[in-house]
Amino acid sequence: MYARVIVDVPSKQTNRPFDYKIPPTLKDWVEVGSRVGVRFGPRMIQGFVVELLEQSEVDDRKLKSIESVLELQPSLTEELVELAKWMSRRYLCNEITALQVMLPGALKAKYEKYIALAEDSGSDSLTNDPLHAKGEMQNEIIHFIKKKQTVEMNELLTRFPNASMLIKKLIINEILIETQNIKNRVSTKKVLMVYPPDNITMLEGYKQELSKQAHKQLEVLQFFIDQPKPIQLSELTKRLNTSSSSIKSLASKQWLKLESTEIYRDPYQKHDFKQSYPLQLTEEQEKVFQTIRQTIHAKRQQLFLLHGVTGSGKTEIYLQTIQQCIHQNREAIVLVPEISLTPQMVERFKSRFGDLVAVLHSRLSAGERFDEWRKIQQKKVKVAIGARSAIFAPFTNIGLIIIDEEHETSYKQQDNPKYHAVEIAKMRSKAHQAAVILGSATPSLETYYESHQSTMQYLPMPSRVAGRAMPTVQVVDMREELKEGNRSMFSRPLHQAIEDRLNKKEQIVLLLNRRGYSTFVMCRSCGHVVSCPHCDISLTYHMNTRHLRCHYCGYAERESSSCPSCSSEHIRYFGTGTQKVEESLTSHFPGIRVIRMDVDTTSEKGSHEKWLNQFRDQKADVLLGTQMVAKGLDFPKVTLVGVIAADTVLNLPDFRAAEKTFQLLTQVSGRAGRHQLPGEVVIQTYNPDHYSVISASHHDYTSFMRTELQSRKQGIYPPYCKLILITFSHENMNLLVRTGESFSEYIKRQQLPSIIDVLGPVASPIPRKKDRYRFQCLIKYRGGWETIHLVHKAVSSLENTVKQTKLQVSVDVDPQMLM
DNA sequence: AGCACGCCGACT
DNA sequence: GTCGGCGTGCTC
């Protein structure tokens with residue numbers, strides 16, 4: 001038997017299967033989806049079995065054997081292996097990259113090289129010439145290794161930085177031996193468990209046999225008489241306040257069993273989830289629920305767009321449809337944007353389905369995530385809830401895939417493979433005959449369009465549960481405010497509203513889409529703007545650290561009191577960041593308690609949760625933050641939502657700017673008045689007449705869509721065409737432009753009927769990042785594989801340039817952002 | 001991606 | 001003459 005293996009070498013030349021023999025001893029273990037260790041050239045690396053063969057086309061003498069199988073159970077299913085192959089063609093990435101993204105990071109192999117002394121090399125091979133520098137070095141190295149038995153190659157090289165050639169030679173001369181192994185980053189966790197005897201009644205007898213002084217042992221036996229269940233050793237000693245020695249002595253008498261057992265690291269171990277039960281559905285919900293229920297029961301592949309306004313009870317629909325799925329003994333995947341994967345959200349699922357839920361998100365440690373993933377793989381759970389990559393949960397019998405906040409850009413992965421979770425969901429639902437629910441209060445234009453053009457079923461839920469009113473929205477023209485002499489960042493209506501809530505002891509959410517203190521620093525004498533030396537972007541001032549920071553590459557420099565260009569002292573900070581708003585709040589409203597949430601305050605593990613809990617417990621009056629406060633939060637006391645500047649998104653150089661603005665405004669407005677108290681929203685803007693702002697203020701999705709669709713049709717943008725964005729980057733601008741031109745020419749020359757337009761090359765919206773200039777081409781086409789294949793060919797034709805000049809080419813199929 | 005092989009310039 | 005630079009090509 002033979003196996004085709006995709007090896008862990010992400011490059012163009014190795015992006016194909018390699019055949020290996022399956023040794024008889026491994027025959028029963030090697031399956032499609034197995035992770036295996038193989039020799040590849042001189043190295044030992046890992047790979048994935050993608051096919052089993054009776055006969056290989058490669059000459060048998062050239063074939064090596066699989067060395068080892070890394071897991072008892074294949075890491076991937078056949079379905080996922082097929083999907084990876086499809087992804088590599090669709091998103092133009094290496095197949096190995098697609099395979100890797102399906103697994104938790106813990107299973108990414110870490111390769112370690114170890115150096116040891118050859119057994120027969122003894123000290124006689126040492127040079128006896130102490131004056132000879134090389135001999136001296138060699139002696140030192142050999143002594144060093146001798147002391148440690150084996151040394152990691154990296155450690156050796158750090159210890160002897162100039163000796164790499166020498167070490168190489170010693171290996172060739174067989175004085176040193178080099179071994180390489182594939183190591184998992186994380187292993188399964190094992191703990192000692194204490195088991196009562198199979199026959200519990202024996203315990204009473206043992207009690208009599210115990211010597212009178214053995215109080216602790218007696219207690220332990222009594223413990224198991226009371227509750228004859230296995231328990232962790234550490235837990236037992238803690239509960240009975242005893243040492244492990246008493247338990248060990250009981251174990252040595254064979255009265256109790258002590259065994260090492262694999263356990264799951266459970267990040268939610270300490271939480272107690274109260275069991276919750278299905279809520280009574282409203283008439284509107286019931287109708288939607290029944291439609292989806294029927295599909296699940298019919299085991300039919302079907303897409304749904306669940307368009308429910310904020311507060312219409314989408315989550316309850318999710319929970320009850322999942323319940324249907326579980327009844328059928330099928331599995332469900334729930335995707336939630338990373339930032340709304342809050343403890344609140346997790347709790348709703350855990351309290352309904354208890355231990356049947358695995359949660360996957362980036363805040364877990366590698367070990368925790370691995371264990372959650374393993375629960376899925378080993379069929380211990382029925383529901384996987386997580387961010388984007390949870391779409392690859394290795395279930396084998398999926399009945400339902402739910403994608404909440406379907407319009408979120410975070411469902412598109414920014415680096416390779418640049419997949420979109422919604423598209424993957426469609427592929428998987430086809431393979432499993434599963435239902436897909438795309439849920440949103442503000443569906444993306446593409447999805448909305450699709451629901452009217454294709455077999456996707458449109459399920460509207462236009463009213464809030466319990467008849468709660470939508471919040472009232474007031475749009476404030478900031479130009480008018482300025483005219484009337486209000487130079488503060490709070491308009492009079494917002495100022496008044498904040499004051500009002502403070503008096504009433506109600507809570508406020510403020511949204512500002514920009515972190516830091518100010519957006520740019522400019523000299524008023526010469527107009528010099530302080531910008532990043534590595535990227536073409538102005539630096540942002542961060543008050544707390546008194547630094548200017550680049551939000552693209554992380555570069556930071558100290559603040560300065562004079563202009564670096566003309567030395568004038570008239571240097572000023574412009575624009576508004578979250579830090580500045582916080583400062584301004586405290587000075588306008590003395591005694592106000594503010595929680596600021598942005599990347600700067602939530603980078604620490606668990607801090608996100610901490611801040612939200614504090615806000616929920618009303619330890620603060622205001623929650624001020626970037627996008628992350630717009631999503632999914634649900635606090636009963638919040639009655640005012642303020643948007644400091646609606647224009648920040650609107651002014652982005654992207655054809656989706658209006659859509660994103662509408663979505664953000666609608667989402668954040670939904671945070672107000674979700675419970676008994678009525679909500680109010682104040683939107684401050686310099687573009688009060690823009691249709692995205694007006695439609696959002698009227699909660700009028702349909703009219704926004706109509707206008708926006710019209711404008712997309714006119715400019716020919718999605719959904720009226722498909723896009724591929726190709727970005728080139730290099731330190732040398734000349735080379736960049738030349739390559740871009742020739743690429744664009746290559747595409748145009750083919751005159752494919754499916755290509756509508758080839759734009760560019762032009763400088764990217766971020767023209768330089770980390771010292772590399774960036775140019776991009778945008779291809780508008782009618783869909784289908786033809787254009788993707790052509791782009792693939794065109795990129796391949798640049799391969800030589802790429803290799804010789806380190807030019808970087810990135811291809812983004814269906815880009816979500818043109819940056 | 002690594003790593004070996006192989007072909008040229010600066011040194012013992 | 002040889003050491004060591006990095007261009008070229010291969011990995012089942």
Side-chain angles (χ1 to χ4, degrees), chain A residues 1-24 26-27 30 32 34-70 81 85 88 92-101 108-115 129 131-135 137-138 152-154 156-157 160-174 176-183 415-417 795-796 798-810:
Chain A
M1 280 291 272
Y2 302 87
R4 314 204 97 170
V5 175
I6 298 287
V7 292
D8 183 16
V9 182
S11 84
K12 188 138 234 169
Q13 287 172 312
T14 50
N15 188 27
R16 63 181 178 90
F18 287 84
D19 291 1
Y20 284 88
K21 290 186 217 172
I22 303 174
L26 295 180
K27 216 180 81 209
V30 177
V32 170
S34 294
R35 214 160 57 98
V36 292
V38 291
R39 284 186 195 289
F40 192 65
R43 305 179 284 158
M44 173 82 106
I45 57 174
Q46 75 157 35
F48 292 88
V49 176
V50 293
E51 207 181 327
L52 295 177
L53 303 168
E54 287 296 332
Q55 204 51 58
S56 169
E57 285 156 30
V58 184
D59 183 354
D60 216 65
R61 286 166 302 178
K62 278 177 82 179
L63 291 181
K64 291 179 180 166
S65 287
I66 289 176
E67 296 288 321
S68 59
V69 179
L70 301 177
V81 169
K85 196 166 151 193
S88 72
L92 303 185
C93 66
N94 297 315
E95 207 168 326
I96 188 68
T97 321
L99 288 162
Q100 300 273 31
V101 81
K108 226 177 155 190
K110 204 171 129 190
Y111 300 106
E112 276 173 348
K113 272 189 188 170
Y114 290 97
I115 305 295
D129 178 5
L131 295 174
H132 197 257
K134 263 191 187 156
M137 179 78 92
Q138 181 172 332
E152 215 188 298
M153 181 63 126
N154 279 339
L156 197 62
L157 287 176
F160 303 99
N162 303 318
S164 60
M165 278 313 279
L166 179 57
I167 293 168
K168 207 168 167 185
K169 222 179 263 171
L170 291 173
I171 293 166
I172 293 169
N173 294 335
E174 295 181 355
L176 298 179
I177 298 177
E178 179 190 40
T179 50
Q180 192 189 40
N181 65 358
I182 305 166
K183 209 181 138 189
D415 37 54
N416 283 334
V795 172
S796 299
L798 294 178
E799 206 192 339
N800 283 336
T801 326
V802 168
K803 251 187 161 172
Q804 284 157 16
T805 64
K806 287 179 186 153
L807 177 95
Q808 278 175 20
V809 185
S810 133

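Note: hydrogens, waters and symmetry copies are ignored here, and every other heavy atom, side chains too, is used. Chain A is the first sequence line, chain B the second, and so forth, proteins listed ahead of strands; every chain is numbered from 1.
- Look at CD on Gln46(A): it is 13 Å from P on dG2(B), rounded to the nearest Å.
- For Glu799(A) and dT8(C), the CD to P distance is 13 Å, given to the nearest whole Å.
- Judged by ring centres under 5.5 Å apart and planes tilted less than 30 degrees, Phe18(A) fails to stack against the six-membered base ring of dC12(C).
- Closest to the side chain of Gln13(A), from the set dC12(C), dG2(B), dC10(C), is dC10(C).
- As rounded to whole Å, 15 Å separates atom C1' of dA1(B) from atom CZ of Arg16(A).
- Following rounding to the nearest Å, Ile96(A) (CD1) and dT11(C) (P) show an atom-to-atom distance of 19 Å.
- Using a 4.5 Å heavy-atom cutoff, the side chains of Arg43(A) and Val9(A) are in contact.
- Backbone-only engagement by Tyr20(A) is indicated by non-hydrogen atom pairs under 4.0 Å involving sugar-phosphate atoms exclusively.
- Between the CD1 atom of Ile22(A) and the P atom of dC12(C) there is a distance of 16 Å, rounded to whole Å.
- Nucleic acid contact class of Arg4(A) (heavy atoms, under 4.0 Å, all strands): none.
- Atom OH of Tyr111(A) is separated from atom P of dG2(B) by 9 Å (rounded to the nearest Å).
- Atom NZ in Lys62(A) sits roughly 9 Å away from atom C1' in dT11(C) (whole-Å rounding).
- Rounding to the nearest 0.5 Å gives a distance of 5.5 Å between CD of Gln100(A) and NZ of Lys108(A).
- Here the side chains of Ser11(A) and Asn94(A) are not in contact, with every heavy-atom distance at 4.5 Å or above.
- Remark: side-chain polar atoms of Thr805(A) are paired, donor with acceptor, to backbone N or O of Thr801(A) under 3.5 angstrom.
- Ranking dA1(B), dC12(C), dC3(B) by closeness to the Pro42(A) side chain, first place goes to dC3(B).
- Between Lys806(A) atom NZ and dA1(B) atom P there is a gap of 11 Å when expressed in whole angstrom units.
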